[in-house]
Colleague: 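Take this structure, written in structure tokens, and hold onto it; I'll ask about it next.
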Amino acid sequence: MEKKRENLSWVSVRLKPEIYTRLKEESQSLKMSLSQLIRMKLSSEETKIIDLSGLLNSIEKLVSEQARVNNNINQLAKHANTYRDKISPSVFKDHTMLMSKHIEHRDFMNKLLKQIYQAIR
């Protein structure tokens with residue numbers, strides 16, 4: 001819902017072409033008017049300006065990459081189970097250590113993604 005215009009004042013500003021272009025592109029990518037963007041930037045209140053489309057695309061790529069990693073791990077586990085009697089115990093020990101590191105990183109990444117989701121919600 002748009003605020004009433006009764007207490008607004010008109011301001012005219014001269015900008016260098018590159019600054020105007022940057023602001024115009026930013027407003028278009030955020031799907032808001034140039035005036036809204038400038039008011040947000042000039043506001044003394046703390047504001048969050050997030051390019052959701054870029055952020056969501058990055059998260060989508062990250063989740064896709066994680067799915068590929070999980071698929072590769074499943075393939076390695078299947079291979080290890082198939083040739084269990086031919087693999088040395090040191091390989092299983094190394095595998096266990098690397099899997100625990102992977103799980104730590106995966107859990108950390110999932111925690112960060114959850115925080116990002118809560119911040120933009």
Colleague: Which distance, rounded to the nearest 0.5 Å, do you find between the NZ of Lys41 and the CG of Leu23?
Modeller: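 Rounded to the nearest 0.5 Å, the NZ-CG separation comes to 6.5 Å.
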
Colleague: Any chain of hydrophobic side-chain contacts (each under 4.5 Å) joining Tyr20 to Leu30?
Modeller: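 As far as the 4.5 Å side-chain criterion goes, Leu30 and Tyr20 are connected within one cluster.
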
Colleague: First locate atom CD of Glu104, then atom CZ of Phe108, and finally report the distance between them rounded to the nearest 0.5 Å.
Modeller: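 So the gap between those two atoms works out to 11.0 Å.
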
Colleague: Has the side chain of Asn71 got a donor or acceptor atom that lies under 3.5 Å from a matching backbone atom of Ala67?
Modeller: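 Such a contact is absent between Asn71 side chain and Ala67 backbone.
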
Colleague: For Gln66 and Asn70: C-alpha separation, side-chain torsions, deciding distance, then whether side-chain contact (heavy atoms from CB on, under 4.5 Å) applies.
Modeller: CA-CA 6 Å; Gln66 184 64 38; Asn70 290 337; 3.3 Å; yes

Colleague: Nearest 0.5 Å, please: how far is CE in Met109 from CZ in Arg106?
Modeller: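 Here the rounded value is 8.5 Å.
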
Colleague: What distance separates Leu62 CG from Glu60 CD, expressed to the nearest 0.5 Å?
Modeller: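 Taking CG in Leu62 and CD in Glu60, the distance rounds to 11.0 Å.
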
Colleague: Less than 3.5 Å apart, any donor N or O on the side chain of Ser88 or Ser90 sitting next to an acceptor on the other?
Modeller: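 Looking only at side-chain atoms, Ser90 and Ser88 do form a donor-acceptor pair, the distance falling under 3.5 Å.
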
Colleague: Does Ile87 belong to the same Ile/Leu/Val/Met/Phe/Trp/Tyr cluster as Met97, with side-chain heavy atoms less than 4.5 Å apart forming each link?
Modeller: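 Cluster IDs for Ile87 and Met97 differ.
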
Colleague: Measure the CG-CG distance between Leu76 and Asn81 for me, rounded to the nearest 0.5 Å.
Modeller: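 Those atoms lie 11.0 Å apart.
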
Colleague: Has His102 got more than 12 heavy atoms of other residues, nucleotides or ligands less than 6.0 Å from its NE2?
Modeller: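 Atom NE2 in His102 is packed in, count exceeds 12.
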
Colleague: Would Met99 and His95 count as a side-chain contact (heavy atoms from CB on, under 4.5 Å) if you check the C-alpha gap in whole Å, the side-chain angles of each, and the deciding distance to 0.1 Å?
Modeller: CA-CA 6 Å; Met99 279 304 299; His95 174 266; 3.4 Å; yes

Colleague: Same cluster or not: Met32 versus Val13, using hydrophobic residues (I, L, V, M, F, W, Y) connected whenever any side-chain heavy atoms lie under 4.5 Å apart?
Modeller: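 Met32 and Val13: one cluster.
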
Colleague: Between Glu65 and Arg68, does any NZ, NE, NH1 or NH2 come within less than 4.0 Å of an OD or OE carboxylate oxygen?
Modeller: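 Yes, Arg68 and Glu65 are salt-bridged.
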
Colleague: Under the side-chain contact (heavy atoms from CB on, under 4.5 Å) rule, what do Arg39 and Leu34 come out as? Steps first, then yes or no, please.
Modeller: CA-CA 9 Å; Arg39 278 193 295 271; Leu34 184 58; over 6 Å; no

Colleague: Nearest 0.5 Å please: distance from the NZ atom of Lys31 over to the CG atom of Leu37.
Modeller: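 Nearest 0.5 Å value for the NZ-CG distance: 14.5 Å.
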
